[in-house]
Amino acid sequence: MASSLLAGLGWAVAPRSARAADEESVMPEAEAPDPLVARARAELARLGAAIPNHDLVAIADFSQPSHLERFHLIDMQAGRVDRTFLVAHGRGSDPRHIGMVQRFSNEIGSNASSEGAYRTGERYVGKHGRSMRLDGLDPSNSNAEVRAIVIHSAPYVGPAVLQAQGKLGRSEGCFVFSDEDHEVVLERLGPDRLLLAGMF
C-alpha cells in the first residue's frame, strides 16, 4: 500500500529484493584473517600438547629481508599480530651477506637458520647474556639443542646497524635481537610456547 502511495506521488520505489541487494553491497566486508594468525592456529592444532601455552605465538618470517621487522608476536586471543621486531638469520643461510635467507639447514656446523616449529624453553644467562633455549619439534630443526640454537641479543642487530650497512649482521643460526628488543621478546614469550620459523 505504501509503495502504491509513493508511486502515485511520482517516486520510483525499487522492489524490496533489489533494495536489499543494494544495501548489502555497501555493507563493509569482514576483514580477511591475517595469514600469519591462520598459520599459527594451524601449527598449534598440529602440535597439540607439545605446546602447552597457546596464548602467544612467535613467527620469524624469513621470506622478508633482514632490514624489515620480520619477527612477529601474535596474540592468539585477539587474533592479531601484537608486536614486530628485527631479527638476524644465520650466516650459513646467507653466505654472500645480501640480507636475505637463501637456504635453511639442520646440519651441525652449517651456521644456518633452520625452519620449523620450536618450543621455547628456559631462560638462562650464557656467553651472550640473558638467553632462551629452544627445542626443535620438526625433522627440519631437530638438531636445535645440539647446535645451541637459542634466542639472544648481539650488537650486530638494531637500527644503528641498518643505518650503517642497510642490513643486519648474521648469527650462527640463532634468533638474535637488539639488546632492547630481546628483553621484550624474552619476557613476552616465556617457556612452553610456539616459535615458528620459515618463509611465509
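Being a predicted model, the structure only gives us computed values, none of them experimental. Numbers here simply count residues along the sequence, with the first being 1.
The number of heavy-atom neighbours closer than 6.0 Å to CD of E183, taken from other residues, nucleotides and ligands shown, is above 12. Within a 6.0 Å sphere centred on CD of Q165, heavy atoms belonging to other residues, nucleotides or ligands number more than 12.
Note that CZ of R70 and CZ of F200 are 12.5 Å apart. Values are rounded to the nearest 0.5 Å.
For A117 against N141, the heavy-atom pair with the smallest separation is O-ND2, 2.9 Å.
The closest donor-acceptor contact from the side chain of D34 to the backbone of L36 lies under 3.5 Å. Judged by distance alone, the side chain of T120 and the main-chain N or O of Y118 form no donor-acceptor pair under 3.5 Å. Under a 3.5 Å cut-off, the side chain of S153 and the backbone N or O of S178 do not form any donor-acceptor pair. Listed for the R193 side chain is no donor-acceptor partner under 3.5 Å among the backbone atoms of R119.
Following chains of ILVMFWY side-chain contacts shorter than 4.5 Å, one cannot reach V57 starting from V185, and the two form parts of different hydrophobic clusters.
Cation-pi geometry between R133 and Y124 is satisfied (NZ or CZ under 6.0 Å from the ring centre, within 45° of the ring normal).
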Discussion item. I'd like to know whether R188 forms a salt bridge (charged side-chain N to carboxylate O under 4.0 Å, His left out) with D55, so could you lay out the CA-CA distance, the side-chain angles of the two residues, the decisive distance to 0.1 Å, and finally the verdict.
Written reply: CA-CA 11 Å; R188 289 292 306 279; D55 57 331; over 6 Å; no

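Partners of A58 by side chain to side chain contact (heavy atoms under 4.5 Å, CB included), not counting sequence neighbours, listed by chain and number: F71, L73, L189, L195.
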